[in-house]
Amino acid sequence: MFFFRMIFRSFSRQFKRRLLIAVTVCLSATVSVAMLGVVFDVGDKLNAELSTYGSNITVQPKADAVVNDLYNTGGDANSNASGTSESDPTTFLKESDAPKIKTIFWAFNITNFAPELNIHADVNCASESVDSSSCKASGVPIVGTWFAKTLHMDSGESTVAGMNGMRSWWKLDGSWPKDDSAQGLIGTTLASKLGVTKGDTVTLYKTTADGSRNKQRITITGIYDSGDSDNNAMYIPSSTAQVLANLPDSIDKIEVKALTTPDNDLARKASKNPNALTQDEWETWYCTAYPSSIAYQIEEVIPGSVAKQVRQVAALQGDVLQKTQAVMVLMTVLSLVAAAIAVANLMAASIGERGSELALLKAIGATDGAVSRLMLAETAVISLIGAIVGALLGSGVAQIVGHVVFGSGITMRPMVFVLVFVLLTLTVLIASFSSIRSILGLKPAEVLHGR
């Protein structure tokens, strides 16, 4: 009872100093919970945010992939026929196989995908009687693709895939074309060259492999600005492009947007040669959403394909994630260091003011251990109150950060609170160490006589 009476008396004195300790611990707990909460949940959110800027996996026919590797002709994730080459593809995948991407183990991590048939065609204005050279263009890159195609899976589920979600950064003047229609989008550069505006109709001419010359009238529903050389191209539905080129059910590329886990040593080892993995390594790699494991599973379901992660995008995701996590961890560490310094100074000042009280306790028989436990218990109770309040505030701050930065809430894992309370306990103990040493050095006779 004597011990608890002393704790009660301690709380009734030096209120401001104890309040400062509680506030200090509360602020440290708030920062720590908020930052670590975001750190443990930031991976998927950053990947989702970065994936809005293009695909991170591309799927090609094996022959094309070999040529790209040999001659280094592969482009970035969003490159297509709008580049400098005017040759049409000679090897193809089946468009009907593309929906199989949503049947892999990590199907729910595939947020979008779009098949492409990249060809070249001559473009003329709607009126064929017009003989103006400004209204004609030869070898124009034409991309046959999906825009917002609804796919009905064998499992009974439905999903929507296409460029509408893959090119979210485009500035579009107009509306997206409908799939399986005679509509299309035109880039700003090509539209300016032809003098075409939305609502106009152009005619595409294409000489096929058998020597016939097909034509297709396309109504322009919108003009897009991609910010790169893609502005020289035109996008039309894949079915329309296949009829124009006489290439039924043919595509030469699939862009895939997937939520992935940043590469580590295991993922890099697997990307070089999956067969070199041990059984345990294989299971870990295959059951983790690495870009390389998702690409491998795509190859399993699409015959004759090679799926590759876009190194620039994967590296960017991993780099941004690591730097973001490093900043948040650093802020947590700095908040704990600041709390340790503040608590140590406040305890030292408190002991200095209460020297007579502590000396009297020792004079009437209290041991150094009992006095030390008294001070530690007092600090622990104050810190616990501050930590609980700080944990609640930190959870709220984490949600604010999530909604402001990522547009969604942060999932607070129990491990975050356990880790923060452990770190704060260690911080308070370290901060109390120097103060406890000063208690051990108190000599009752000298303090009580004012020496």
Side-chain angles (χ1 to χ4, degrees), residues 36-60 76-78 97-114 151 153 155 157 159-161 165-166 168 254-302 305-326 328 402 405-413 415-416:
L36 291 180
V38 175
V39 164
F40 282 102
D41 196 50
V42 74
D44 288 346
K45 296 187 182 299
L46 264 181
N47 284 334
E49 189 76 14
L50 292 173
S51 67
T52 61
Y53 299 100
S55 58
N56 50 3
I57 296 175
T58 58
V59 187
Q60 296 175 282
D76 60 35
N78 305 316
D97 286 334
K100 294 179 181 178
I101 289 176
K102 290 293 288 184
T103 65
I104 67 171
F105 179 81
W106 289 106
F108 289 107
N109 282 52
I110 305 294
T111 60
N112 206 343
F113 64 97
L151 304 175
M153 315 302 295
S155 61
E157 299 178 348
T159 186
V160 177
M166 297 290 292
S168 57
I254 306 175
E255 291 189 20
V256 181
K257 184 191 296 185
L259 296 176
T260 60
T261 300
D263 280 346
N264 56 13
D265 291 338
L266 174 61
R268 285 186 283 271
K269 179 181 178 181
S271 63
K272 294 178 181 178
N273 183 13
N275 296 325
L277 301 178
T278 64
Q279 184 63 34
D280 290 340
E281 289 176 334
W282 171 273
E283 292 177 357
T284 300
W285 170 72
Y286 195 89
C287 296
T288 305
Y290 297 121
S292 55
S293 64
I294 293 178
Y296 182 87
Q297 293 171 31
I298 291 174
E299 291 178 3
E300 288 182 317
V301 297
I302 299 184
S305 69
V306 172
K308 294 185 177 181
Q309 66 182 92
V310 182
R311 295 293 178 181
Q312 298 94 324
V313 176
L316 174 64
Q317 290 176 335
D319 191 45
V320 172
L321 178 60
Q322 290 176 358
K323 289 181 179 179
T324 302
Q325 290 178 329
M328 293 181 177
V405 178
F406 304 108
S408 61
I410 298 295
T411 302
M412 299 302 298
R413 293 170 170 79
M415 180 173 60
V416 171

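Quantities reported herein were computed from a predicted structural model and do not represent experimental measurements.
Here D97 pairs with K94, K100, I302, P303 under the side chain to side chain contact (heavy atoms under 4.5 Å, CB included) rule; sequence neighbours left out. When the side chain to side chain donor-acceptor pair (under 3.5 Å) test is applied to D280, no partner is found at least two apart in sequence or on another chain. Take Y286 and apply the ring pair (Phe, Tyr, Trp, His ring centres under 6.0 Å) test, not counting sequence neighbours, and it matches W282. In this structure, the side chain to side chain contact (heavy atoms under 4.5 Å, CB included) partners of A270, at least two apart in sequence or on a different chain, are L277, W285. Under the rule for a side chain to side chain donor-acceptor pair (under 3.5 Å), E157 has no partner lying at least two apart in sequence or in another chain. Looking at residues two or more places apart in sequence or on another chain, you find a side chain to side chain contact (heavy atoms under 4.5 Å, CB included) between A114 and T145, M163, M166.
Contact record, A258 with I57: CB-CD1, 4.4 Å, taken as the closest heavy-atom pair. Between A307 and A295, the closest heavy-atom pair is CB-O, 3.3 Å. Summarising the geometry of W106 relative to C287, their closest heavy-atom pair is CZ2-O, 3.1 Å, with the distance given to 0.1 Å.
Side-chain contact check for F108 versus L259: every heavy-atom pair is 4.5 Å or farther apart. Using a 4.5 Å heavy-atom cutoff, the side chains of N109 and T260 are not in contact.
Listed for the K308 side chain is no donor-acceptor partner under 3.5 Å among the backbone atoms of T58. Counting only distance, with no hydrogens or angles, the side chain of T159 and the backbone of L151 share no donor-acceptor pair below 3.5 Å. With K269 contributing its side chain and E281 its backbone, the two residues share no donor-acceptor pair below 3.5 Å. S305 places no side-chain N or O within donor-acceptor distance of the main-chain N or O of V59, the cut-off being under 3.5 Å.
Note that OG1 of T288 and CZ of F105 are 9.0 Å apart. Values are rounded to the nearest 0.5 Å. Atom OG1 of residue T103 and atom CD of residue E300 lie 10.0 Å apart, to the nearest 0.5 angstrom. Taken to the nearest 0.5 Å, the OH atom of Y290 stands 7.5 Å off from the OG1 atom of T284. To the nearest 0.5 Å, atoms CD1 (I104) and OG (S293) are separated by 8.0 Å.
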Using the rule given for side-chain contact (heavy atoms from CB on, under 4.5 Å), can you reason through N56 versus Q309, listing the C-alpha separation, both sets of side-chain angles and the distance that settles it, and then say yes or no? CA-CA 6 Å; N56 50 3; Q309 66 182 92; over 6 Å; no
